[in-house]
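A short worksheet on the structure shown next.
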Amino acid sequence: MKRGTFFRYTAPSNIVMVALMTLPLVMAVWLGLNFITFRTFDTPNFVGLANYLEVLSDVRFWQALEFTLLIAAICVPVHITIGLVVALLLDQIKGRMRDVFLPGMLMPMIVVPVVGTLMFRQLFEPAGLFAWFFSEIVGQRFIFTEPSVKALIIMHTIWVSTPFALLIFFAGLQTLPKELVDASGIDGANRLQQIRYVVIPHLRSLIVLEALVALMDFYRLFDSVFILTELNPIFKADSVLTYNFKVAMTVGRLGKGSAMAILTVIGIFVVVIPFLIMTYREQIEER
């Protein structure tokens, strides 16, 4: 197919995609440069970079950013490790047992996020199963405090994100040539050495891909954080996105919320671009 023909066929979808990506971004930039609320939407007051400066001087914003980065720092390596270990175990299982375990482990990814978070929260409420286990083991009732809510958010994030890592690692293991594993065994490598020197190098590109996807997902984490922090609004356990929502929708500061959204997009680029460059260099070296 000629290049001109290709562009003519794809032009409608390309125009729609560019419009859907560009127009909201332009609108967010415009809102971020104005002092605007729901009541003054028709009469915006241009304030330049004042909203951005207010966001950067907001202590609650930096607390939300710090907690968001903490979630990413903990959950990215933990869920990748768990997903890889479970994928290796499933790869050793044959027959119907695999058909039972694999769909069951993908359930957290299938359940609607709000419903899954509510079910997870109910497990730790006074009548919940985990709350009962906690009281039996520790000897006191489980109490929702700021540290415990943060711990629950991290636990829930790992629980929800692990199935996707498991799925792509398990699929990657199916493409691993059995001859490489057999040859390493003949050379005297044990199972741990095979995983380190054969399996992990084979899955390296998938591990980097999963880390990139997880970083972007955790940076825009909203559902679980919003539902769990609503247990007590004074908890300072917001992610960047939930704090942005509270500023824009609860307080009504649309300009400040838009400025925060633009800064969030810039932050995502700052975090993701080094990984993209590293991945690109690795692909070039492999060629």
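On a predicted model such as this, the values are computed, not experimentally measured, just so you know. In this chain, residues are counted from 1 in sequence order.
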Checklist entry - Would you say the side chain of His79 lies within less than 4.5 Å of the side chain of Glu210, judging by non-hydrogen atoms? => result yes

Has Ser148 got a side-chain atom pairing as donor or acceptor with Ile143's backbone, closer than 3.5 angstrom?
yes

Residues passing the side chain to side chain contact (heavy atoms under 4.5 Å, CB included) test with Gln122, sequence neighbours excluded, are Glu125

Which of Thr68, Thr229, Asp58, Asp238 passes side-chain hydrogen bond (donor to acceptor under 3.5 Å, both in side chains) with Tyr243? It is Asp58

Across all chains, not counting sequence neighbours, the side chain to side chain donor-acceptor pair (under 3.5 Å) partners of Arg39 are none

Contacts of Thr264 meeting side chain to side chain donor-acceptor pair (under 3.5 Å) (sequence neighbours excluded), chain-then-number -> none

Inset, instruction - Determine whether Met109 and Ser161 make a side-chain contact, defined as any pair of heavy atoms from C-beta on separated by less than 4.5 Å. - result: no

Rounding to 0.5 Å, atoms CZ (Arg121) and OG (Ser224) come to a distance of 12.0 Å

Ignoring hydrogens and angles, tell me if any N or O in the side chain of Asn190 forms a donor-acceptor pair with the backbone of Leu192 under 3.5 Å.
yes

Hits for ring-ring contact (aromatic ring centres under 6.0 Å, His included) against Tyr52, two or more places apart or cross-chain, chain-then-number order -> none

### Message
When you compare the side chain of Thr40 with that of Thr43, does any pair of heavy atoms fall below 4.5 Å?
### Response
yes

**Report entry** Note, Leu241 side chain near Leu221 side chain (heavy atom, < 4.5 Å)
**Finding:** no

pair Met260-Leu263: side-chain heavy atoms closer than 4.5 Å: no

Where the side chain of Asn51 meets the backbone of Asn34, is there a donor-acceptor pair that is under 3.5 Å apart?
yes

Does the side chain of Phe218 reach to within under 4.5 Å of the side chain of Ser239, using non-hydrogen atoms? no

For Thr81, the side chain to side chain contact (heavy atoms under 4.5 Å, CB included) test, sequence neighbours excluded, returns Val85

The ring-ring contact (aromatic ring centres under 6.0 Å, His included) partners of Phe134 (sequence neighbours excluded) come to Phe142

- prompt: Do side-chain atoms of His202 reach the backbone of Gly172 as a donor and acceptor pair under 3.5 angstrom?
  reply: yes

Exceeds 12 heavy-atom contacts within 6.0 angstrom, atom CZ of Phe269 | no

Evaluate the side-chain proximity of Val59 to Gln63: yes if any heavy-atom separation is below 4.5 Å, no if none is. yes

